[in-house]
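Heads up: the structure comes next, in structure tokens.
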Amino acid sequence: MAKFLTNREENYSQWYNDLVIKADLAENSAVRGCMVIKPYGYAIWEKIQAGLDKLFKETGHVNAYFPLFIPKSFFSREAAHVEGFAKECAVVTHYRLKNDGKGGIVVDPAAKLEEELIVRPTSETIIWNTYKNWIQSYRDLPILINQWANVVRWEMRTRLFLRTTEFLWQEGHTAHATREEAMEETMRMINVYADFAENSMALPVIKGYKSENERFAGALETLAIEALMQDGKALQAGTSHFLGQNFAKAFDVQFTDKTGKLDFVWATSWGVSTRLMGAIIMGHSDNNGLVLPPRLAPIQVVIIPIFKKPEQFSAISEKVVKIKKDLEARGISVKYDDRDNNTPGFKFAEYELKGVPVRLAIGPRDLENGTVEIARRDTLTKQLISIETITDHVVNLLDEIQKNIYTKAQTFRKENTFYLDKWEDFTRVLDEPGGFIMAHWDGTKETEEKIKEETKATIRCIPFDSPEEEGKCIYSGKPSTKRVLFARSY
RNA sequence: CGGGGUGUAGCGCAGCCCGGUUAGCGCAUCUGGUUUGGGACCAGAGGGUCGCAGGUUCGAAUCCUGCCACCCCGACCA
């Protein structure tokens, strides 16, 4: 398990924060619980956005944008929804400041809003208030819209990427004529997320249903993907909600079906956030820093020259320019680090910290021998390759690294997933080594809450692929038909 | 909001208990030189309202009071 990036080894949280800051991804801002995403970190987010956006378009969705502010009255229309979000809302009460006459400024009491505005913690309400005007007939359906946005949730405790006060995300909001179609959409999108997590982020996930306790506020069914982090905790990496007719009823969105009958519209919503970056960081990093999957790495290949004299440098640069061009022609992003104020060793360490998948080094010896030193971030191994074949080699290697990172994470998950039947094993495993626990559950809220109280573990999901089998609830001993996924979580 | 901890140069810290020269160290920065195949070295230089506001004292980074911010643990959560 990766743990010792700094001398603060006793604490995985600090290790994580340290890594985020040192790898130049983000830092805390002056605003409570908010973060500054730095250019290198944001470049990863842009890769994530591009990858997801492509998948959304392939599944028939389009992008749109809705307001940041939500009138308080909208918010309160859906009872469960307001219940779920009320305690973490930022509220706008005034629209103007004025001089206090002492060189400072104060909120102008004359500029009090008649109705307060909520800074969106999620957009169901403002969007369904809009959809009301867009939908009259079954011919107006389905509506398949996604929005890329920022949202604000005033959490008590925050953590870079994992739980910030403001975060970036996408939220899909769809409207359908039938229950079946909406449920299909809910399922389709959790599969899109799972594909992205596994293929692009190289992170294996478990798809499943949330228990009633863990459902989104206002949803009839919440589907989720759950990933295992290297410290043995689970991370909810994405959710897709079947909202039934709850929001349509709250906002009075009815349509005329083919037979001329009025009915309420069926809804889904689904989202992933900058938390995905936290998943990549905690899922793959090692003691040398970040390990980025090639498909999401802003820099896939870094080239470092090694030289003593200016003549050597120009001879190396000449070769590098060609290699860079060839690689870029194959769609690979390459950085040539020709700074002369850092030694090669410093640069090696720096790009390892930043998780760049492949590093090439070229020095006088290579010029003589017609070779390039190629090092891979995932295994930290290096070898000499003929300069003639370097392009093909890199292309293949990036693929191999992508696969290897996934396999490594998968092996880790396998080794840290436990099928347990005894309560004493359950508590023991949670403390050391942690991880995923597959255990029987009697299906009741009461048992789930008791387990949470006693162990801090929750039901992460009821996996789709959990086979039917006879068993007894690990806590109550009552009969159960399948195992569910328990873990402590972020 | 409860418990613990920390605020001293861009970053990381020592000094505080036991008040007293000019507030110090490492990294980073700048200049010059030597270096460069795994986080270079030497010499020199610049950079501080010691978190903020009061108080005690001849004298406060150090003691006292209040406030603020951040971090960790809990409750809450994508």
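Note: hydrogens, waters and symmetry copies are ignored here, and every other heavy atom, side chains too, is used. A, B, ... follow the sequence lines: proteins, then strands. Residue 1 opens every chain.
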>> Can you tell me if A/N288 touches the phosphate of B/G39, counting only side-chain N or O atoms and a distance under 4.0 Å to OP1 or OP2?
In response: no
> Can a donor-acceptor pair under 3.5 Å be found between the side-chain atoms of A/E352 and the base atoms of B/G38?
Replying inline: yes
> Base, sugar-phosphate, or nothing for A/T343, non-hydrogen atoms under 4.0 angstrom?
Replying inline: base
>> Under a 4.0 Å threshold between the charged nitrogen and the carboxylate oxygen, would A/K322 count as salt-bridged to A/E318?
In response: no
>> Distance alone, cut at 3.5 Å: any donor-acceptor contact between the side chains of A/Y16 and A/D231?
In response: no
>> Closest approach to the side chain of A/K308, judged atom by atom: which nucleotide of B/G74, B/U36, B/G38 is it?
In response: B/U36
> So what's B/G74 paired with, Watson-Crick or G-U wobble, going by both distances under 3.5 Å?
Replying inline: B/C1
> Counting side-chain heavy atoms from C-beta on, which of B/G39, B/A78, B/U36 comes nearest to A/R153?
Replying inline: B/A78
>> Strictly by Watson-Crick or wobble contacts shorter than 3.5 Å, is anything paired with B/U22, and which nucleotide is it?
In response: none
> With sugar-phosphate meaning primed atoms plus P, OP1 and OP2, does A/T222 contact a base, only sugar-phosphate, or nothing at under 4.0 Å between heavy atoms?
Replying inline: nothing
>> With rounding to the closest Å, how many angstrom separate the C1' atoms on B/U57 and B/G19?
In response: 9 Å
> Looking only at atom C1', what distance separates B/A53 and B/G32, rounded to whole Å?
Replying inline: 47 Å
>> As a test of reading the structure: which of B/C71, B/C72, B/G39 is closest to the side chain of A/A349, going by heavy atoms?
In response: B/G39
>> From C-beta outward on A/M156, which listed nucleotide comes closest to its side chain: B/G38, B/A75, B/A78?
In response: B/A75
> For the base of B/A78, is there a side-chain donor-acceptor partner from A/S273 under 3.5 Å away?
Replying inline: yes
> Paired with B/U36: which nucleotide, if any, by Watson-Crick or G-U wobble criteria at under 3.5 Å for both distances?
Replying inline: none
>> Please determine whether any donor N or O and acceptor N or O are separated by less than 3.5 Å between the side chain of A/K22 and the base of B/G12.
In response: no
> With respect to the side chain of A/P344, which nucleotide from B/A78, B/G38, B/U36 is positioned closest?
Replying inline: B/U36
>> Pairing check on B/G10: which nucleotide meets the Watson-Crick or G-U wobble criteria with it, both distances under 3.5 Å?
In response: B/C27
> Which is true for A/F216 with a 4.0 Å heavy-atom rule: it touches a base, it touches only sugar-phosphate, or it touches nothing?
Replying inline: nothing
> Between A/D431 and A/R488, is the closest basic N to carboxylate O distance under 4.0 Å?
Replying inline: yes
>> What is the separation between atom CD1 on A/I281 and atom P on B/A78, rounded to the nearest whole Å?
In response: 20 Å
>> When you measure only distances, ignoring hydrogens and angles, does the side chain of A/N342 come within 3.5 Å of the base of B/G39 through a donor and an acceptor?
In response: no
>> Can you tell me which nucleotide in B/A40, B/A75, B/A78 comes closest to the side chain of A/K456?
In response: B/A75
> What are the two closest heavy atoms between A/H81 and A/F216, and how far apart are they?
Replying inline: CE1-CZ, 3.8 Å
>> Holding to side-chain hydrogen bond (donor to acceptor under 3.5 Å, both in side chains), I want the full list of residues that pass it with A/T391, two or more places apart in sequence or in another chain.
In response: none
> Side chains of A/Q147 and A/S123: donor-acceptor distance under 3.5 Å anywhere?
Replying inline: yes
>> Under 4.0 Å, counting only non-hydrogen atoms across every strand here, what does A/Q236 touch: a base, just sugar-phosphate, or nothing?
In response: sugar-phosphate
